[in-house]
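Here the structure is laid out as structure tokens; the discussion comes afterwards.
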Amino acid sequence: MVDGRAKFISDRSFRVVGKGFLDLHFFPVPWSVLVMLAIFIVFQFVMSMTTFGRKVYFLGGNEEAAKLVGIQPKFMRLAIFGIMGVMTGIGSIMVASRLGSGSPNIGTGYEMDAIAAVVVGGTSFAGGRGTIIGTLLGAITIGLIANGMNLMGISPYFQYLAKGLIILLAVILSSDYSGFGSKRK
């Protein structure tokens, strides 16, 4: 950002990352999709096949039990936040490359999409439950819903309302409670 304005990026090689395609003879595949698939594969492996992934699920499910079995919550949180920082950096590079500009407020509003995708994908707010594939499918679902609302010309304010209602509905359907404080039977 220069003097409060967005910084435009004119480097063509940088723009290829967000807007370029890999030609596979049958059809072109965007580089951004390839990056997403690579990250998906890595995290699917880490979360389902490594001790680190099991510790993350365990810590999210019950922190006290995790401490009792020797997992260090502070170290795990630091590692998880470090990974989240790297993923945020990759996402920022992809968005800046696609738009051809850099500004600190470009991603405003994406947090609602991220929460909606994770919750629709089956991740519990209580922790300890969720999958990478579920999150990917949730992101695709929320993306399709958002695209449909855009094509229908629905106001962004009503889109936020719809996403909020989707999150609320997903939380209610995935919770162990049917009402305020009463257990399901």
Side-chain angles (χ1 to χ4, degrees), residues 1-48 50 52-53 56 60 76-123 125 130-164 166-167 170:
M1 202 157 155
V2 179
D3 295 329
R5 292 174 281 148
K7 172 72 174 148
F8 294 99
I9 303 165
S10 59
D11 185 4
R12 296 193 77 165
S13 60
F14 180 71
R15 300 285 304 267
V16 168
V17 175
K19 286 189 164 187
F21 290 86
L22 177 65
D23 189 12
L24 295 177
H25 300 294
F26 302 110
F27 56 90
V29 179
W31 280 107
S32 55
V33 170
L34 294 174
V35 169
M36 186 246 348
L37 287 174
I39 290 170
F40 168 77
I41 290 168
V42 167
F43 279 101
Q44 180 63 34
F45 176 79
V46 167
M47 294 303 290
S48 63
T50 66
F52 179 79
V56 170
M76 289 298 293
R77 273 198 207 91
L78 183 64
I80 292 165
F81 280 122
I83 292 168
M84 286 175 18
V86 170
M87 293 299 103
T88 301
I90 292 171
S92 299
I93 290 169
M94 299 303 294
V95 169
S97 174
R98 184 168 180 80
L99 299 177
S101 67
S103 177
N105 59 359
I106 286 176
T108 303
Y110 286 176
E111 62 277 355
M112 179 72 94
D113 292 341
I115 293 168
V118 170
V119 172
V120 168
T123 299
F125 270 135
T131 62
I132 301 297
I133 187 77
T135 299
L136 178 65
L137 294 174
I140 291 169
T141 302
I142 293 299
L144 289 172
I145 291 170
N147 191 35
M149 289 190 291
N150 281 334
L151 291 174
M152 291 170 43
I154 296 175
S155 164
Y157 300 109
F158 287 114
Q159 289 185 30
Y160 279 122
L161 178 65
K163 288 174 191 172
I166 289 169
I167 292 171

Quick one: pull up CD1 in Ile142 and CD1 in Ile166 and give me the separation to the nearest 0.5 Å. 4.5 Å
Taking the side chain as every heavy atom from C-beta outward, state whether Ile132 and Ser48 have any atom pair closer than 4.5 Å. no
Closest heavy-atom pair and its distance - Phe27, Val29: CE1-CG2, 3.5 Å
Euclidean distance, Leu99 CG relative to Met94 CE, rounded to 0.5 Å: 11.0 Å
Hey, could you give me each pair passing salt bridge (charged side-chain N to carboxylate O under 4.0 Å, His left out) that has a residue in residues 139-149? Not counting sequence neighbours. none
To the nearest 0.5 Å, what is the distance between CD1 on Ile133 and CE on Met47? 14.0 Å
Check whether any side-chain heavy atom of Leu136 lies under 4.5 Å from a side-chain heavy atom of Ile140, and answer yes or no. yes
Where is the tightest heavy-atom contact between Val119 and Ala170, given as atom of each residue plus distance? CG1-CB, 3.2 Å
For Ala96 and Phe14, work out which heavy atoms get closest and say how close. C-CE2, 3.9 Å
Could you go through residues 151-161 and list every donor-acceptor pair under 3.5 Å that involves a side-chain atom there, pairing it with any protein atom two or more places apart or in another chain?
| residue | atom | partner | partner atom | Å |
| --- | --- | --- | --- | --- |
| Ser155 | OG | Tyr157 | N | 3.2 |
| Gln159 | NE2 | Asn150 | OD1 | 2.8 |
| Gln159 | NE2 | Ile154 | O | 2.9 |

Kindly write out the residues that satisfy side chain to side chain donor-acceptor pair (under 3.5 Å) with Arg77, not counting sequence neighbours, or none if the list is empty. Glu63
Under the salt bridge (charged side-chain N to carboxylate O under 4.0 Å, His left out) rule, what pairs show up with a residue in residues 98-116, not counting sequence neighbours? Asp113-Lys163
Enumerate, atom names and distances included, each donor-acceptor pair closer than 3.5 Å involving a side-chain atom of residues 80-89, sequence neighbours excluded.
| residue | atom | partner | partner atom | Å |
| --- | --- | --- | --- | --- |
| Thr88 | OG1 | Met84 | O | 2.8 |

When the side chains of residues 33-40 are checked against the rest of the protein, which donor-acceptor pairs come out under 3.5 Å, sequence neighbours left out?
none

Donor-acceptor contact below 3.5 Å, side chain Thr50 vs main chain Gly53: yes
Looking at Ile93, is its backbone amide N or carbonyl O close enough to the side chain of Ser97 to form a donor-acceptor pair, meaning the two atoms are under 3.5 Å apart? no
Taking the side chain as C-beta and beyond, is there a heavy-atom pair between Phe52 and Met76 under 4.5 Å? yes
